[in-house]
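Excluded from the calculations below are hydrogen atoms, water molecules and symmetry mates; all remaining heavy atoms, backbone and side chain alike, are included. Every chain is numbered from 1 and lettered A, B, ... according to where its sequence line falls, protein lines coming before strand lines.
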Protein chains: 2
Amino acid sequence: MNLRDLRYLLAVLEHGHFGRAAEACGVSQPTLSVQLRKLEAELGVALLERGARGVAATAACQRLLPHVRAAVAEADAIQAQARSLRDPLSGPFRLGIIPTLAPYLLPRVLAALRTRLPSLDIEPWEDLTDSLMERLRAHDLEACVIATEPNEPDLLSRPLFAEPFLAALPPAHPLAGCATVAEEELARDILVLAEGHCLRDQALAICRTAASQPMRATSLVTLMHLVAAGYGTTLIPALAAAAAREMGLVLRPLATGASRTLRLVWRARSPHRTAAEAVAQSIIALTNREWQTSP
Amino acid sequence: MNLRDLRYLLAVLEHGHFGRAAEACGVSQPTLSVQLRKLEAELGVALLERGARGVAATAACQRLLPHVRAAVAEADAIQAQARSLRDPLSGPFRLGIIPTLAPYLLPRVLAALRTRLPSLDIEPWEDLTDSLMERLRAHDLEACVIATEPNEPDLLSRPLFAEPFLAALPPAHPLAGCATVAEEELARDILVLAEGHCLRDQALAICRTAASQPMRATSLVTLMHLVAAGYGTTLIPALAAAAAREMGLVLRPLATGASRTLRLVWRARSPHRTAAEAVAQSIIALTNREWQTSP
DNA sequence: CCTCTCCGATAGAGAAAATCTATGATGACA
DNA sequence: TGTCATCATAGATTTTCTCTATCGGAGAGG
């Protein structure tokens with residue numbers, strides 16, 4: 001069975017006339033005649049009653065008609081939706097982001113991304129790096145923003161921007177008086193996130209220490225509350241600075257100026273790589289401008 | 001766009017593998033490869049991401065997928081329903097019947113018709129002859145049972161049985177004592193149905209008179225009530241005899257034994273003519289047996 | 001590091017299907 | 001009883017699909 005023949009059938013019924021239906025379909029009258037006879041033969045059911053004064057649907061045909069119309073309507077829907085998805089910079093784009101970045105980056109770029117890529121339907125998805133990469137491989141995400149290098153042959157990535165780390169201290173902390181903080185000093189009472197957060201590993205690596213804290217924090221906000229309450233110090237990424245300051249923390253640059261590099265990662269063969277590149281480009285442009293206007 | 005290609009797409013997504021999908025579809029792997037590329041080109045959208053380890057749907061494809069599945073499901077529904085309609089003695093069969101016959105004939109034959117033609121879905125439609133014929137011509141009915149000859153070139157008909165007329169009298173009526181009633185005598189105070197009922201015209205013709213009654217009755221039951229109440233006499237078809245007797249009317253054969261002939265009528269070119277003939281045949285057989293068992 | 005294997009893409013030939021033009025058949029209508 | 005309108009049919013042509021054979025790339029494993 002063929003959608004074309006179903007359309008022929010609907011046309012003949014609509015016009016009640018093979019010739020006019022053929023014209024409407026842009027084919028010759030014998031074509032309709034042959035194809036509809038073939039359709040009747042295939043279904044084993046007489047669909048049309050050919051009278052001297054026009055053509056009418058048989059009762060059997062009337063029973064089938066709702067399904068015929070539905071099938072044709074679904075086909076039309078496929079084409080209509082495909083038309084709106086035709087632009088590579090359109091359609092759904094599921095974007096994974098790590099939790100230590102999402103709440104601080106998204107408010108800054110999401111609205112602007114919608115303006116720059118109006119047909120791209122960016123659906124943010126927040127999770128830990130490993131989960132994001134797994135979803136990316138499983139085609140459940142089109143791209144993700146992470147702070148590590150993916151190092152997989154199937155994946156491509158592009159650096160977006162470097163985000164400096166800052167020492168976050170309670171106001172009363174001895175180091176709060178220094179202009180910069182040496183990583184080794186921070187190490188003494190540093191608090192880090194729960195396992196799985198890349199920021200945890202990076203903080204420990206930068207401070208050349210291992211974690212031994214009794215508290216478990218699964219978000220930066222929790223961590224900053226702990227610091228504000230005087231349990232210790234921590235290392236936060238620069239984009240979280242405003243939130244930290246609002247909580248009364250003192251922020252100091254690190255002695256080495258260590259930073260993490262955020263990257264956009266996507267599957268090398270993904271048909272959405274064009275969109276991914278465009279998203280990367282846009283985030284780069286937006287964050288560069290941001291750094292300048294509100295450092 | 002083609003239903004076949006949509007099925008190919010679903011198969012590839014289901015198997016995640018062109019080769020196995022091709023086998024499932026009963027075609028070669030290049031066929032799927034070519035056809036699906038063509039489908040992607042036609043829609044202008046990348047549907048599949050071909051990876052080293054299998055094939056996956058793109059985000060665009062996932063948006064289209066519900067419509068694709070729906071279109072294929074509707075096509076399957078068409079074929080399934082067509083299969084059940086394949087038998088010419090199956091499917092809906094809208095059968096028109098005149099009001100002076102329907103309530104008396106249908107109870108006698110409908111159940112038996114269902115037994116004899118179990119897949120034929122007989123839907124009775126009661127109306128006056130003219131309306132029935134109009135609906136028949138308009139393909140809103142497959143056939144009708146009427147008491148007149150259609151006399152139209154597009155229509156075929158077949159006599160079902162002859163139904164004698166009986167004089168219906170109130171018990172106190174002078175003619176109630178006679179074994180038979182002469183039509184001229186009945187004519188004096190005969191009551192007939194409203195205009196449009198063929199029985200009205202036939203009764204008046206048989207009695208060689210014209211109607212001049214003040215009362216208007218649109219059903220035999222009403223008419224019989226009028227007779228029972230002593231407003232006059234009437235002529236009823238034999239199948240209504242039992243109902244008339246139950247109302248206390250006296251029934252007498254007519255002197256001439258006049259009767260009406262019921263006919264089944266259908267469109268000469270209707271694809272349901274086989275069913276129509278079968279229905280006619282069945283009614284003939286059933287009523288013949290009926291006459292014998294309960295005259 | 002190199003081969004081996006697996007998988008999808010491609011090319012070209014062949015088969016199948018759809019379509020066209022021309023014409024036939026049938027019934028309505030004047 | 002022609003004439004018109006309408007759908008069906010025939011045969012040629014074009015388009016589309018499908019096949020076999022083969023290519024090329026990417027992992028896997030020695």
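Residues Leu65(B) and Arg69(B) meet the side-chain proximity criterion, which asks for heavy atoms closer than 4.5 Å. Using a 4.5 Å cut-off on side-chain heavy atoms (C-beta onward), Cys25(A) and Tyr8(A) make contact. Taking 4.5 Å as the limit, some side-chain heavy atom of Val12(B) sits within range of a side-chain heavy atom of Leu48(B). Looking only at side-chain heavy atoms (C-beta outward), Glu152(B) and Arg137(B) come within less than 4.5 Å of each other. The shortest side-chain heavy-atom distance between His197(A) and Ile98(A) does not fall under the 4.5 Å cut-off.
Nucleotide dC7(D) holds its C1' atom 16 Å from the NE2 atom of His15(A), rounded to whole Å. Straight-line distance from the CG atom of Leu36(A) to the P atom of dT9(D): 13 Å, rounded to whole Å. The nearest whole Å value for the distance from the CD atom in Glu23(A) to the C1' atom in dC7(D) is 16 Å. Computed from coordinates, the Leu39(A) CG to dA17(C) C1' distance equals 15 Å when rounded to whole Å. Rounded to an integer number of Å, the gap from CG of Asn2(A) to C1' of dT19(C) is 13 Å. As a whole-Å value, the separation of Leu155(A) CG from dG27(D) P is 11 Å. Rounded to a whole Å, the CZ atom of Arg137(B) is 14 Å from the P atom of dA28(C).
Residue Ser28(B) places at least one side-chain N or O under 4.0 Å from the OP1 or OP2 atom of dC19(D). Remark: Arg4(B) is not in phosphate contact with dT16(D), judged by side-chain N or O atoms under 4.0 Å from OP1 or OP2. Contact check, Thr31(A) against dC20(C): a side-chain N or O comes under 4.0 Å of OP1 or OP2. The phosphate of dA17(C) (OP1 or OP2) has no side-chain N or O of Lys38(A) nearer than 4.0 angstrom.
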Worksheet item: When every nucleotide of nucleotides 6-11 of chain C is labelled 5' to 3' by its protein contacts under 4.0 Å (heavy atoms), B for base, S for sugar-phosphate only, - for none, what sequence of letters results?
Response: -SBBB-
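The closest side-chain donor-acceptor pair between Thr100(B) and Arg260(B) falls under 3.5 angstrom.
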Practice prompt. Evaluate the side chain to side chain contact (heavy atoms under 4.5 Å, CB included) criterion for residues Thr129(A) and Met133(A): first the C-alpha distance (whole Å), next the side-chain angles of each, then the deciding distance (0.1 Å), finally the verdict.
Written response: CA-CA 6 Å; Thr129(A) 305; Met133(A) 299 306 280; 4.2 Å; yes
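Comparing Gln35(B) and Asp154(A) by the nucleotide of DNA chain D that holds the closest heavy atom to each, the one mapping nearer the 5' end is Gln35(B).
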